[in-house]
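Working notes for the structure below.
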Amino acid sequence: MTEQAKAAVKPIDPTKVLQRVILPRDEDPLDVRPLYLDEPEHVHSHVSSRQAVTIPQSARVSFASYFNAFPAAYWRRWTIIDDVVLRMSVRGAGRIDVYRSKPSGDIVHLEGTTVRSPKAATEVTFKINLKPYEDGGWIWFDVFTDDSTLEIDHAAWTTEQDLPAQKVAIGMTTMRPVDAVIALRTLGEDQAVLDVVQKVFVADQGAVKVRDTEGFAEAAAVLGDRLEVIEQENLGGSGGFTRGLYEAIEHTDVDQIMLMDDDIRLEPDALLRSNAFARAAAQPVIVGSHMLNLQARSRLHSMGEVVDLGTCYWRAAPGALTDHDFGASSLRETEEMHTRIDSTYNGWWMCLFPREVVQRTGYPLPLFIKWDDAEYSLRALDRGYPTVSLPGSAVWHMPWTDKNDATDWQAYFHTRNRLILAALHSPYDVRKTLLKQGLKQSLVHLLSMEYSTVAIQQKALEDFLAGPSKLFDSLRTALPEIRELRKNFQDAQTLPSAREFPPPTFDMVRTEQMLSRPSNKVVLAREAGKAVLHNLRSPQPSTTARPQVNVPSANARWYLLGNLDSATVSHPDGSGVAFRKRDPKEFRALMKRAVANYRRLSAEWPRMQKLYRDALPELTSVESWRKVFEN
């Protein structure tokens, strides 16, 4: 099952490397360390480079970490790799033991060896067969020392099989030039990464240009002729990412295209791991990377996602962990991490596409933002190309739980684009589901005095029912129209802080009591009825100038707000506050509009499915997107 050998250190062929053992970068905060090393509290290994570490005397340090354990189950399931070979260059004295896990999280010792080479570096290898890993399991190694240190100069999980060498083109879209420059500089800091990157296309869609941003010249100098910045109007994420795919397919011969967000902090080896996985895949697969929490760097925010085609919402994949803190519970200790999970799509914070997948699937839909990534993977899957969310390949990104995109201007795109995806891909009759969900969602927003949200959701519904003919035009027109519409609503106006308003008047103890969620369906229905009746009555005149309550974002629930006349409500990221005021006339008008629109949606659903499915080839063709970019 395993074998080992000690010998003089030989260079590792980079085409044979599946996953390098890596350490934190110099600029990384201390809280990322558990992602790389599993150390007892009293042990602190000395990291001298991205690949070199010295284990102190009398210590046990484990590499059973997110970035350094080998996710054997994924390589077993999706690639042609039969055996993985751990190759290490070490110096000093100590013991190295290799372990594996089962899908249950149980741990098995595989093999070990003692190292006594105080002066010269020596190579240690372990060969592990991947046959038992179909349903789950990782492989890692631990290092033990007594009265001497042990230095690891470099280590990697490798293969003895021949894999094709394939280059990558990167497509990045940006509205945040400072973040984009940081990502570009990170790409250029490792020669191994540069060796596989043929082109970097930046679709610059912001008012402040990347070229004019501090640090760009340095990044451009390192990337050289690999870098191409394309300045275009704001066509949203789908327009920016499609530009990267378009340039890579039309103007390069690369075998792989990787899309990535600008507002990320990049682990450069994620690119190498995605590249290696795609090269080794038994069939072409989309290789997605996980999302780590940019605000809490040791936390895994998204491990894998699926679209529930019955409800037409995205959700965590079955068995996937969300918001897991490796600083509190290591990989070894977290049983749920050891079962292989399957995703149906991966967010485009970082996602790699083999050239064949793009050529046969077509380009993304012109959706501006939201649902373009999910729709693309579902369409690719229809053509036989699955999506794999690969552990150990990840970027840091702000979690969506700290965003306001369910209620701000983005609610338009959430609503319209979800309906388009459902019309294209759901095999179920979802009319009743969409009707019930839509009316319930509208009522909740109205009881929460979020009139602007319901207004733009209804516009989204009406635009969907108008058919797909204006989707390309909407890349340029939808956002300005939504912003103009929101200007008419008080709840869409934001001030920096609640201190900008007079102090609240409502009884704080009564407010606290109203925060209790209804305990069962009967109570829920009764409280909802009371809230609706309250919203049909005229508000107290004094509440239009002075809020009754200051409500933190976490407490902005309908069963509180639905019984008030006004409130200031903060944004989820704490960046501002909106003054919401109850308006019975607006409540009635928007609810009437929602009922009419959702009834119409239910009645016309079969026709809309045919319209969008018939239009799909043109909406995703190179010819249609070429017109957008040329104009």
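These numbers come from a predicted model, not from an experiment. Quick note: residue numbers are just sequence positions, from 1.
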Taking the six-membered ring of Phe201, is the NZ or CZ of Arg243 close enough (under 6.0 Å from the centre) and on axis enough (within 45°)?
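So Arg243 doesn't make the cation-pi contact.
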
Does Lys16 have any salt bridge (Lys or Arg N to Asp or Glu O under 4.0 Å) partners at least two apart in sequence or in another chain, and if so, which?
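Residues passing salt bridge (Lys or Arg N to Asp or Glu O under 4.0 Å) with Lys16: Asp162.
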
Set of salt bridge (Lys or Arg N to Asp or Glu O under 4.0 Å) partners for Arg607, sequence neighbours left out:
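Per chain and number, Arg607 pairs via salt bridge (Lys or Arg N to Asp or Glu O under 4.0 Å) with Glu604.
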
Taking [Y]'s backbone N and O only, do any of them form a donor-acceptor pair with [X]'s side chain (distance below 3.5 Å, no angle check)?
| X | Y | value |
| --- | --- | --- |
| Thr213 | Phe216 | no |
| Thr174 | Asp262 | no |
| Gln161 | Asp82 | yes |
| Asp28 | Arg25 | yes |
| Tyr385 | Gln283 | no |
| Arg273 | Gly392 | yes |
| Arg418 | Trp371 | no |

Give the intermediate values and the outcome of side chain to side chain contact (heavy atoms under 4.5 Å, CB included) for residues Glu618 and Phe472.
CA-CA 11 Å; Glu618 182 179 354; Phe472 273 109; 5.7 Å; no

Classify the angle between the aromatic ring planes of [X] and [Y] as parallel (below 30°), tilted (30 to 60°) or perpendicular (above 60°).
| X | Y | answer |
| --- | --- | --- |
| Tyr66 | His290 | tilted |
| Tyr345 | Trp314 | tilted |
| Phe241 | Trp348 | perpendicular |

Identify the two heavy atoms, one from Ile341 and one from Gly304, that lie closest to each other, and give their separation to 0.1 Å.
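Of all heavy-atom pairs spanning Ile341 and Gly304, the closest is CD1-CA, 4.0 Å.
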
[Y] ring center within less than 6.0 Å of [X] ring center:
| X | Y | result |
| --- | --- | --- |
| Phe464 | Tyr612 | yes |
| Tyr376 | Phe353 | yes |
| Trp138 | Tyr99 | no |

Start with the C-alpha gap between Arg340 and Tyr74, add the side-chain angles, then the distance that decides, and say whether side-chain hydrogen bond (donor to acceptor under 3.5 Å, both in side chains) holds.
CA-CA 7 Å; Arg340 178 179 55 78; Tyr74 295 81; over 6 Å; no

